[in-house]
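Below, each value reflects all heavy atoms present in this structure, side chains not excepted, and no hydrogens, waters or symmetry copies.
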Number of protein chains: 2
Amino acid sequence: MSSAQLAELNKHSTRRKVEAGNEVIGQGENVGSYSNILNGVVKLSKMMADGRQQIVGLQFAPDFLGRPFLTESSVTAEAATETEICCFPRPIIDRMVGEAPELERKLHSQSLKELDEARDWMLTLGRKTAQEKVASFLYLIATHIDPERSGNSTTFDLPLSRADIADFLGLTIETVSRQMTKLRKDNIIVIENNRHVIVPEMRRLRYAAGND
Amino acid sequence: MSSAQLAELNKHSTRRKVEAGNEVIGQGENVGSYSNILNGVVKLSKMMADGRQQIVGLQFAPDFLGRPFLTESSVTAEAATETEICCFPRPIIDRMVGEAPELERKLHSQSLKELDEARDWMLTLGRKTAQEKVASFLYLIATHIDPERSGNSTTFDLPLSRADIADFLGLTIETVSRQMTKLRKDNIIVIENNRHVIVPEMRRLRYAAGND
DNA sequence: CGCCGATTTGAGCCGAATCAAGTTTCGTGG
DNA sequence: CCACGAAACTTGATTCGGCTCAAATCGGCG
């Protein structure tokens with residue numbers, strides 16, 4: 001983007017801090033603004049009338065948050081961890097998109113990335129075992145959280161509770177817990193304090209996830 | 001689009017007839033062209049190394065088929081029924097997208113529609129029972145195939161075999177068959193000749209799908 | 001009519017859900 | 001710093017929905 005455009009954006013932007021567990025946009029609510037994730041993790045979820053819930057996406061910095069064209073969000077966006085976002089009023093973005101094709105290109109490109117991720121996850125939800133699902137989740141987090149990974153081992157803090165992980169994987173809390181224990185006993189991961197995970201060999205985790 | 005652009009497109013387009021079961025683009029293959037579906041149904045699927053398969057989307061006329069920005073397809077596209085498509089060489093479209101923002105807008109808009117559909121389906125895959133999954137599938141087909149529905153009842157031919165339905169729902173053929181039988185016995189649907197389905201009351205099918 | 005693939009139906013099994021305790025972690029205030 | 005309580009997580013026993021394996025039936029087609 002041109003510096004003039006950036007300046008224009010900056011003038012109308014507001015920074016917002018969202019605590020873990022707080023909603024950014026509710027399913028079916030009116031979307032008054034777009035935003036950029038500065039840090040933290042945001043979960044996108046859907047809920048059925050009887051309360052069953054499914055997390056349909058995770059967004060990390062510096063992802064874009066919002067829904068072009070439609071004013072109504074089809075998902076709930078909620079901070080999974082403490083999160084900072086930078087908000088832009090909807091009209092400003094809509095106008096800039098009209099003026100700057102490369103901005104629309106950028107948004108289009110992210111939509112396609114999210115579509116690819118959603119479809120990958122459909123394979124996980126529909127065809128993988130509980131074991132593979134949990135490994136897939138850990139693999140996903142490992143590859144998204146740790147920016148500069150040193151070779152084949154990684155360390156990170158889980159941004160999601162067991163309940164959230166279960167909602168992401170279409171499993172129950174208990175099954176997630178059991179499969180984590182199994183991965184630990186198989187020496188594929190090490191867990192400290194429930195949330196901190198060490199992956200000695202990414203290759204083995206990737207294999208456990210059924211990715212080759 | 002302007003008529004000049006349409007004429008330009010027309011000059012370089014080729015019509016192609018694809019028989020049921022034939023591949024349009026393979027997973028990981030190079031995408032040499034974009035296309036429009038003129039009629040028929042195309043299924044998008046992903047496969048794991050060991051052969052497990054998941055259908056991640058269905059495309060109906062007049063959907064667009066192709067993957068902007070990336071030259072490699074992340075899914076396999078295969079005709080579910082006999083299908084006619086209209087193909088455009090990739091360079092032509094890429095150039096026109098650069099010149100006509102409204103074309104990019106159009107493509108962007110379809111990507112978002114597909115993303116919404118993918119996320120809806122994630123909820124189905126992750127959280128619904130076999131019964132609800134099958135009902136959800138029938139509901140999806142009913143709302144997409146039959147353009148002008150007369151009130152609350154519908155009739156259509158299934159574009160997918162039981163095996164394809166199973167791959168779409170993350171179930172086995174046998175389970176799909178049993179649930180179809182159950183829906184039939186519950187008078188929610190009538191089946192004739194395996195493929196032809198009558199829905200006397202869409203409301204009840206919708207309810208069986210868990211959609212309210 | 002008879003064949004072959006697609007679909008249905010049946011019996012038994014298994015993986016993940018459910019229900020029910022434990023145990024660990026962590027925040028809070030004494 | 002420790003005691004307490006609540007929430008998050010783990011573990012165990014049992015149940016059940018959907019899978020597997022096997023056989024019968026249906027439907028389209030030569």
A.B. asks: Please give me the minimum heavy-atom distance between Ser74(B) and Lys46(B), naming the atom from each residue.
C.D. replies: O-NZ, 3.3 Å
A.B. asks: Send over the distance from His196(B) NE2 to dG28(D) C1', rounded to a whole Å.
C.D. replies: 17 Å
A.B. asks: When only distance counts, do a donor and an acceptor, one from the side chain of Glu174(A) and one from the base of dC9(D), lie under 3.5 Å apart?
C.D. replies: no
A.B. asks: Rounded to whole angstrom units, what separation is found between the CG atom of Asp157(B) and the C1' atom of dG27(D)?
C.D. replies: 14 Å
A.B. asks: Among dT10(D), dA17(C), dC9(D), which is the nearest nucleotide to the side chain of Thr175(A)?
C.D. replies: dA17(C)
A.B. asks: Can you confirm whether Lys113(A) is buried at NZ, in the sense that more than 12 heavy atoms of other residues, nucleotides or ligands lie under 6.0 Å from that atom?
C.D. replies: yes
A.B. asks: For Ile165(B) and dA6(C), what is the distance between atoms CD1 and P respectively, to the nearest whole Å?
C.D. replies: 13 Å
A.B. asks: What's Ser177(B) touching, base or sugar-phosphate or nothing? Going by heavy atoms closer than 4.0 Å.
C.D. replies: base
A.B. asks: Is there a donor and acceptor pair closer than 3.5 Å between the side chain of Arg162(A) and the base of dT25(C)?
C.D. replies: no
A.B. asks: Do the side-chain N or O atoms of Thr129(B) get closer than 4.0 angstrom to the phosphate oxygens (OP1, OP2) of dG17(D)?
C.D. replies: no
A.B. asks: How long is the line joining CG of Leu158(B) and C1' of dT7(C), in whole Å?
C.D. replies: 13 Å
A.B. asks: Side chain of Thr172(A), heavy atoms from C-beta onward: which of dG18(D), dA17(C), dT9(C) has the nearest atom to it?
C.D. replies: dA17(C)
A.B. asks: In whole angstroms, how far is the P atom of dG18(D) from the CG atom of Leu125(B)?
C.D. replies: 13 Å
A.B. asks: In whole angstrom, give the distance that lies between atom CZ of Arg195(A) and atom P of dC26(C).
C.D. replies: 10 Å
A.B. asks: Taking for each residue the nucleotide of DNA chain D bearing the nearest heavy atom, is the 5' side occupied by Asn194(B) or by Thr181(A)?
C.D. replies: Thr181(A)
A.B. asks: Does Leu171(B) reach a base, just sugar-phosphate, or nothing at all? Heavy atoms under 4.0 Å.
C.D. replies: sugar-phosphate
A.B. asks: I need the single residue from Tyr139(B), Phe60(B), Phe137(B) that forms a ring-ring contact (aromatic ring centres under 6.0 Å, His included) with His144(B). Which is it?
C.D. replies: Phe60(B)
A.B. asks: Of the nucleotides dT9(C), dT25(C), dT7(C), which has the atom closest to the Arg178(B) side chain?
C.D. replies: dT9(C)
A.B. asks: Figure out the CD/P separation between Gln131(A) and dA16(C), and round it to whole Å.
C.D. replies: 9 Å
A.B. asks: Consider the side chain of Asn193(A), meaning its heavy atoms from C-beta on, and name the nucleotide among dT9(C), dT25(C), dA16(C) that approaches it most closely.
C.D. replies: dT25(C)
A.B. asks: Counting side-chain heavy atoms from CB outward, which of dT8(C), dG18(D), dT11(D) is closest to Gln179(B)?
C.D. replies: dG18(D)
A.B. asks: Decide, yes or no, whether a salt bridge links Arg127(A) with Glu132(A) under the criterion of side-chain N to carboxylate O below 4.0 Å.
C.D. replies: no
A.B. asks: If you look at every heavy atom in Ile37(B) and Gln59(B), which pair is closest and at what distance?
C.D. replies: CD1-CB, 3.5 Å
A.B. asks: Could you work out which one of dC19(D), dC21(D), dT10(D) sits closest to the side chain of Ile173(A)?
C.D. replies: dT10(D)
A.B. asks: Within this structure, what is the CZ-to-P distance between Arg184(A) and dT10(D), rounded to whole angstrom?
C.D. replies: 8 Å
